[in-house]
Amino acid sequence: MSYLDTKQALIQQLLTSSINANNIAFENKNFDPKNKSLWYGVYFIPATSDILGKTAESCNEQRGIFQVSVFIKLNSITFDNDQLSAIDNVLSVFKYNAETVYNTQTVSILESTVNNGIETEAWFQRDISINYLTFSTR
């Protein structure tokens with residue numbers, strides 16, 4: 001089982017949406033959005049790990065959420081249009097039943113949802129919650 005490979009598979013999939021990695025605030029990494037009009041925060045949130053079978057050859061089913069927060073400057077002249085376009089771009093690579101693989105770890109997308117958004121300091125934030133499923137060997 002590899003949480004690292006699961007996270008990397010999801011990040012790899014996110015980067016296929018043409019997002020520049022310099023516009024992503026990764027967990028536990030310094031990031032300064034000062035000169036940006038739009039940027040992303042990504043969060044890997046494992047939720048459950050269930051044992052399937054009792055032998056060493058059995059696997060575990062893991063579920064969780066990969067959250068992508070999209071931030072745009074408050075009171076932008078394009079309102080939230082650029083943000084919604086960025087969200088559409090992310091959702092296009094995290095469709096239902098999409099799969100991504102990293103180091104033989106296959107991750108399936110179960111569902112992607114978007115919240116209504118909130119003001120966060122000088123930014124307007126909307127979160128995309130991407131529910132995933134993966135099976136991993138022991």
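In this text the structure is predicted, and so the values were computed from the model without any measurement.
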Practice task
State yes or no: do Leu84 and Trp123 share one hydrophobic cluster built from I, L, V, M, F, W and Y residues joined by side-chain heavy-atom distances below 4.5 Å, directly or via other members?
Solution key: no

Handout entry: Spacing of Ile72 atom CD1 and Phe79 atom CZ [to the nearest 0.5 Å]
Key = 11.0 Å

Fill in the blank from the handout: All heavy atoms of Ser108 vs all of Glu99, minimum pair found to be OG-OE2, 3.3 Å

Practice task
Kindly say whether Leu133 contributes a backbone atom to a donor-acceptor pair with the side chain of Glu61 at under 3.5 angstrom?
Solution key: no

Practice task
Verify, without hydrogens or angle tests, whether Asn60 (side chain) and Ser136 (backbone) share a donor-acceptor contact under 3.5 angstrom.
Solution key: no

Exercise for the section: Verify the cluster assignment for Ile11 and Val107: are they in a single hydrophobic cluster under the rule of side-chain heavy atoms below 4.5 Å apart? Expected result: yes

Exercise for the section: Given side chain to side chain contact (heavy atoms under 4.5 Å, CB included), test Leu110 with Arg63 step by step and report yes or no. Expected result: CA-CA 9 Å; Leu110 301 175; Arg63 293 173 182 260; 3.1 Å; yes

Exercise for the section: Mark yes or no for whether Gln83, through its side chain, and Leu38, through its backbone, hold a donor-acceptor pair below 3.5 Å. Expected result: no

Practice task
Given side chain to side chain contact (heavy atoms under 4.5 Å, CB included), test Asn103 with Leu4 step by step and report yes or no.
Solution key: CA-CA 10 Å; Asn103 281 347; Leu4 175 62; over 6 Å; no

Problem - Closest contact, heavy atoms only, Phe124 versus Asn116 - result: CZ-O, 3.9 Å

Handout entry: Gln67 side, atom CD; Asn131 side, atom CG - distance, nearest 0.5 Å
Key = 10.5 Å

Completion exercise
So CD of Glu119 and CG of Asn75: to nearest 0.5 Å the spacing works out to 7.5 Å

Problem - Hphob cluster co-occupancy, Leu15 + Phe44, side-chain heavy atoms under 4.5 angstrom - result: yes

Fill in the blank from the handout: dist Lys7:NZ -> Ile45:CD1 (nearest 0.5 Å) comes out at 11.5 Å

Problem - Minimum heavy-atom distance between Gly117 and Arg126, given as atom pair plus value - result: CA-CG, 3.8 Å

Completion exercise
The reported gap from CG in Asn89 to OG1 in Thr16 (rounded to nearest 0.5 angstrom) is 8.5 Å

Fill in the blank from the handout: Applied to residues 34-43, the side-chain hydrogen bond (donor to acceptor under 3.5 Å, both in side chains) test, sequence neighbours excluded, yields Asn23-Lys36

Handout entry: ILVMFWY network linking Ile19 to Phe94, side-chain heavy atoms under 4.5 angstrom
Key = yes

Handout entry: Side-chain touch Pro46/Tyr3, heavy atoms, less than 4.5 angstrom
Key = yes

Fill in the blank from the handout: d(Asp50 CG, Cys59 SG) to nearest 0.5 Å is 10.5 Å

Problem - Pair Tyr132-Thr6, side chain to side chain contact (heavy atoms under 4.5 Å, CB included): steps then yes or no - result: CA-CA 9 Å; Tyr132 70 84; Thr6 300; 3.6 Å; yes

Practice task
Of all the heavy-atom pairs spanning Phe31 and Asn22, show the shortest one and how long it is.
Solution key: CE1-O, 3.5 Å

Handout entry: Hydrophobic cluster identity match, Ile65 and Val42, side-chain contacts under 4.5 Å
Key = no

Practice task
Taking atom CD1 of Ile77 as the centre, report whether more than 12 heavy atoms of other residues, nucleotides or ligands fall under 6.0 Å from it.
Solution key: no

Practice task
With the side chain counted from C-beta on, respond yes when Tyr96 and Glu111 share a heavy-atom pair under 4.5 Å apart, and no when they do not.
Solution key: no

Exercise for the section: Mark yes or no for whether Asn115, through its side chain, and Asp127, through its backbone, hold a donor-acceptor pair below 3.5 Å. Expected result: yes

Exercise for the section: Under the side-chain hydrogen bond (donor to acceptor under 3.5 Å, both in side chains) rule, what do Thr120 and Gln125 come out as? Steps first, then yes or no, please. Expected result: CA-CA 6 Å; Thr120 306; Gln125 171 187 350; 2.8 Å; yes

Practice task
Measure across Thr100 and Ala9 and return the closest heavy-atom pair with its distance rounded to 0.1 Å.
Solution key: OG1-O, 3.1 Å

Practice task
For Val70 and Ala86, work out which heavy atoms get closest and say how close.
Solution key: CG1-CB, 4.1 Å

Practice task
With Thr78 as reference, evaluate Asn81, Asp80, Asp82 under the side chain to side chain donor-acceptor pair (under 3.5 Å) test and give the passing residue.
Solution key: Asp82

Practice task
Tell me, with the steps shown, if Thr134 and Asp5 meet side chain to side chain contact (heavy atoms under 4.5 Å, CB included).
Solution key: CA-CA 10 Å; Thr134 187; Asp5 288 346; over 6 Å; no

